[in-house]
Visitor: 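Let me begin by handing over the structure; questions about it come next.
Here is how names work: the chains are called A, B, and so on, in the same order as the sequence lines, proteins then strands, and each is numbered from 1.
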Amino acid sequence: MSENSKNMTIHLKLWKQDGPKSKGAFVSHTVKDVSPDMSFLELIDVVNSEFIKKDKRPVEFDHDCREGICGTCSMVINGEAHGPQKATTTCQLHMRSFCDGDTITVEPFRAKTFRVVRDLVVDRSSFDRIIQKGGFVSVNTGNAQDANNIPISKPDSDRSFSAAACIGCGACVAACKNASASLFVAAKITHLSLLPQGQLEHRQRALNMVDQMDKEGFGACTNTGACSLACPKEISLDSIALMNREYLKSSVKER
Amino acid sequence: MLDAKIPNGPIKSKWEQHRFNCKRVNPANRRKYDILVVGTGLAGASAAASLAEMGYKVKSFCIQDSARRAHSIAAQGGINAAKNYPNDGDSVWNLFYDTVKGGDYRSRESNVYRLSEVSNNIIDQCVAQGVPFAREYGGMLDNRSFGGAQVSRTFYAKGQTGQQLLIGAYQALSRQIGKGNVEMFHRREMLDLVTVDGVARGITTRNLVNGEIESHSGHAVLLCTGGYGNVFYLSTNAMNSNATAAYRCTKKGAYFANPCYTQIHPTCIPVSGEYQSKLTLMSESLRNDGRIWVPKNKGDNRPPLEIPEEERDYYLERIYPSFGNLVPRDVASRQAKFRVDEGRGVGKTGIAVYLDFSDAIARLGKKAVSAKYSNLFEMYEKITGEDPYTVPMKIYPAVHYTMGGLWVDYNLQSTVPGLHVLGEANFSDHGANRLGASALMQGLADGYFVIPYTLGNYIGSSDLPEISTDHEAFKLSRKEVEESLSKLLNIKGEKLVDEYHRDLGAIMWERVGMSRNEEGLKKAITEISALREDFWKNVKISGEGTHLNAELEKAARVADFLELGELMARDALERKESCGGHFREEHQSQDNEAKRDDENFCHVAAWEYTGSKNNPSWSRHTEKLDFESVKLVTRSYK
Ligand SMILES: Cc1cc2nc3c(=O)[nH]c(=O)nc-3n(C[C@H](O)[C@H](O)[C@H](O)COP(=O)(O)OP(=O)(O)OC[C@H]3O[C@@H](n4cnc5c(N)ncnc54)[C@H](O)[C@@H]3O)c2cc1C
Ligand code: FES
């Protein structure tokens with residue numbers, strides 16, 4: 001713990017919006033005595049208790065594990081999805097990344113496809129619908145053979161794992177000027193197509209998932225790489241290239 | 001005395017025989033049955049997917065905005081199975097034996113045997129789904145040993161095993177949603193169980209986005225809502241983990257078993273300040289290579305690197321030479337507490353011990369250590385700002401898991417017909433202490449491999465007329481839920497929900513935590529009931545019930561914690577023995593080890609809710625535990 005660093009005063013500009021159809025606006029609030037060991041969400045907890053005590057309504061925000069793994073937290077902090085620290089979710093961001101006197105702007109993940117539910121909470125159900133179209137291996141419970149019957153080379157398995165590490169938070173979409181979901185979709189396609197178990201269906205999977213992504217209204221990928229930079233799990237852009245290859249091959253076959 | 005409906009016959013063939021005897025539902029008829037599955041963690045997602053694959057019509061519910069975010073996602077270390085791939089002598093029997101012993105002989109033998117039996121199928125299933133477990137260079141699955149085990153039987157995916165297993169189950173569930181076999185309800189909270197003539201026939205939920213109170217009717221309800229560790233306020237559980245669904249079922253006739261059995265995990269990041277909202281686990285796998293120590297001398301507050309080797313006390317290695325740093329969780333946690341109580345704790349607060357990797361780094365090299373633990377080390381550094389490659393980690397025990405839960409029989413059915421309970425929400429398999437890597441195993445065993453059979457048996461042997469949500473029972477339930485929420489909103493007091501929760505947590509941690517005694521438990525009971533009374537007079541909740549309102553959600557959960565906390569203390573008070581995670585100071589050996597009383601307490605305590613609406617009370621029932629296959633001995637790790 002940064003035992004000697006001093007507590008700080010932080011000025012916040014927080015987005016409040018009653019519902020999807022209401023107009024939102026920033027509210028300003030200053031918090032004193034912020035410990036550098038505090039997490040960013042703990043700071044919001046403090047703000048909310050101050051609000052409630054003063055009979056103001058708290059800001060709603062999504063969060064659950066507070067360990068950087070569930071993908072629930074979703075804030076744009078000073079213009080960056082999940083804030084300034086590389087490979088870090090909002091919940092894992094700590095106040096030691098900021099300085100005394102800083103003004104911090106907090107907004108929801110913004111994208112046409114991520115409707116605001118309230119304040120900092122957005123609707124990411126489009127991600128679920130994309131997975132429902134093909135982000136799985138079609139195997140029923142009880143159908144499996146012995147787990148070691150199919151060896152998988154360690155490099156393939158490791159690469160597959162790296163793609164499977166996606167937490168589905170949507171930072172990639174929020175960071176992209178086109179609001180493209182390519183990194184999210186590509187991560188799933190990469191995870192499954194690098195494994196023999198996922199190979200059988202790889203063509204159909206790419207087609208169906210990409211089509212659903214388009215249907216949901218996500219933008220096109222123009223290879224700016226902003227998604228990968230914002231990704232708390234550092235999913236690589238290579239997966240987008242892999243997805244595009246799979247999609248192209250599949251669509252040619254389909255026609 | 002409760003009847004667990006354990007099948008007759010030798011332990012090794014009970015499950016096979018039972019599966020054979022189970023009534024089955026004709027595949028063409030299954031779609032006539034609506035099954036409500038509450039929760040999408042490992043237990044819920046695997047059950048919903050499997051039942052939908054079989055042809056049942058499933059409705060699935062979760063609090064989060066996506067099924068994939070259930071608390072199971074956070075499990076780090078791994079999942080056990082008796083595959084014996086490393087050829088180190090493991091077997092179904094060994095896993096069974098270790099689990100019964102690890103649970104300090106307070107679990108049900110037949111359930112544990114079944115769990116070990118299906119453990120291997122789980123790994124097969126997960127690999128077939130594309131779960132990217134760690135592998136060796138030859139392409140085979142890698143295993144590691146995990147706290148309390150002397151064989152390597154733990155399958156893992158870096159430090160993100162729960163995530164990968166849950167994504168596997170979530171994908172299977174998504175496939176069924178896509179096919180129209182499962183209807184998914186996100187951001188829904190079950191607030192009541194609906195029974196008709198004493199049989200579970202539906203649930204009442206709140207739509208968390210618009211506050212609507214909704215009814216869902218079904219032919220069976222599967223409760224897969226996780227554990228109640230957040231009674232303690234600070235725990236490693238996710239912020240939304242709660243006891244509400246399970247606890248409210250007790251008011252409809254489900255018994256709550258062994259509420260006092262809670263697991264305090266030895267390796268968590270210590271509390272840093274008053275604002276602390278949750279605690280972060282550092283996977284137990286770290287104990288394979290990290291060495292735990294405190295200074296030999298009290299009050300030695302030199303930085304760790306300045307304390308010479310001979311002035312360090314590697315207390316677990318000293319006290320337990322054969323298991324060393326790998327003793328089970330309850331033992332490791334209690335020993336850490338003893339050291340801190342002696343005044344030998346470390347760090348700013350003095351409430352921590354060191355977990356030191358310098359030997360492992362010297363022996364294996366930084367690269368090898370990093371290959372195993374990099375994500376954990378990074379997480380530690382993010383939270384504390386310290387680099388564990390160069391400075392020993394500081395750790396302290398934290399509430400992590402609850403072995404208690406709703407009482408279920410061998411078929412996973414509660415005392416309410418039709419209400420089945422899976423995963424951490426039930427009590428069945430871990431006795432008084434859970435071994436590492438066995439919760440993931442149990443959740444998936446229940447969901448993939450047990451309930452598909454036992455639910456068929458229930459449906460196939462029950463007469464379940466259609467019941468619509470216009471039925472009086474549904475109306476009454478909706479009315480009660482609405483009334484209790486508006487009552488909360490109308491208190492308009494002074495004190496915040498979090499403040500009550502924090503106060504409750506402080507009482508629980510102090511008096512119903514790692515070490516308990518009669519006086520403290522009695523105090524806890526009085527204090528909790530006073531706190532509860534105050535809560536209902538003075539809690540302050542902002543906003544309305546008609547929009548997304550996290551404060552209201554928390555308030556309803558804390559209201560239930562305030563009752564369950566008292567029940568936990570009562571259970572701990574009645575269990576006048578020490579076993580596993582339940583340590584009664586009056587019952588310990590000379591060297592401070594837990595002393596069981598098999599003569600009087602070799603049973604499950606299952607509590608029936610007998611109180612009125614505003615005045616909780618419970619009565620205690622028991623299920624006798626028979627040990628036919630494993631001999632009851634004193635657990636020793638020395
Ligand atoms: C940090 C951490 C690490 C762990 N590591 C390991 C490990 O390495 N190995 C291991 O074996 N175990 C581990 N465990 C334990 C294990 O993760 C859990 O016991 C297990 O995942 C619980 O699964 P579950 O399906 O029973 O419940 P959960 O995953 O808790 O899911 C509960 C579900 O119920 C829903 N729910 C709850 N209440 C309601 C309600 N009222 N209405 C509607 N839905 C509701 C939630 O939304 C969620 O979907 C770990 C636990 C923690 C905290
Ligand atoms: S709250 Fe789970 S990733 Fe941030």
Visitor: Taking the side chain from A:Arg96 and the backbone from B:Lys382, do they hold a donor-acceptor pair closer than 3.5 Å?
Guide: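 A pair under 3.5 Å: yes.
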Visitor: Could you list the residues that satisfy side chain to side chain contact (heavy atoms under 4.5 Å, CB included) with A:Cys70, not counting sequence neighbours?
Guide: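 Checked A:Cys70 against side chain to side chain contact (heavy atoms under 4.5 Å, CB included); matches are A:Asp64, A:Cys65, A:Thr72, B:Arg69, B:Ile73.
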Visitor: Given a strict heavy-atom distance threshold of 4.5 Å, which part of B:Asp498 is in contact with chain A: side chain, backbone, both, or neither?
Guide: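 Answer is neither: B:Asp498 stays 4.5 Å or more from chain A.
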Visitor: Taking the side chain as every heavy atom from C-beta outward, state whether A:Gln197 and B:Gln129 have any atom pair closer than 4.5 Å.
Guide: no
Visitor: Got a salt bridge between B:Asp142 and A:Lys154, using NZ or NE/NH1/NH2 to carboxylate O under 4.0 Å?
Guide: no
Visitor: Sub-4.5 Å heavy-atom contacts with chain A: which residues of residues 164-172 of chain B show up?
Guide: B:Gln164, B:Ile167, B:Tyr170, B:Gln171
Visitor: Non-hydrogen atoms of chain A under 4.5 Å away: do they reach the side chain of B:Leu279, the backbone, both or neither?
Guide: backbone
Visitor: State whether the side chain of A:Gln92 and the backbone N or O of B:Ile383 hold a donor-acceptor pair below 3.5 Å, judged by distance alone.
Guide: no
Visitor: Give me the atom names and distance for the closest heavy-atom approach of A:Glu67 to B:Thr236.
Guide: OE2-O, 3.9 Å
Visitor: State plainly whether the residues A:Asp55 and B:Lys540 are in salt-bridge range, i.e. N to O under 4.0 Å.
Guide: yes
Visitor: Do B:Ser174 and A:Gln132 pass the side chain to side chain donor-acceptor pair (under 3.5 Å) test, and can you show the C-alpha distance, the side-chain angles, and the key distance before you say yes or no?
Guide: CA-CA 5 Å; B:Ser174 297; A:Gln132 286 155 19; 5.0 Å; no
Visitor: Would you say A:Ile69 and B:Gln160 make side-chain contact, with heavy atoms under 4.5 Å?
Guide: yes
Visitor: Report which part of A:Ile150 has an atom under 4.5 Å of a heavy atom belonging to chain B: side chain, backbone, both, or neither.
Guide: backbone
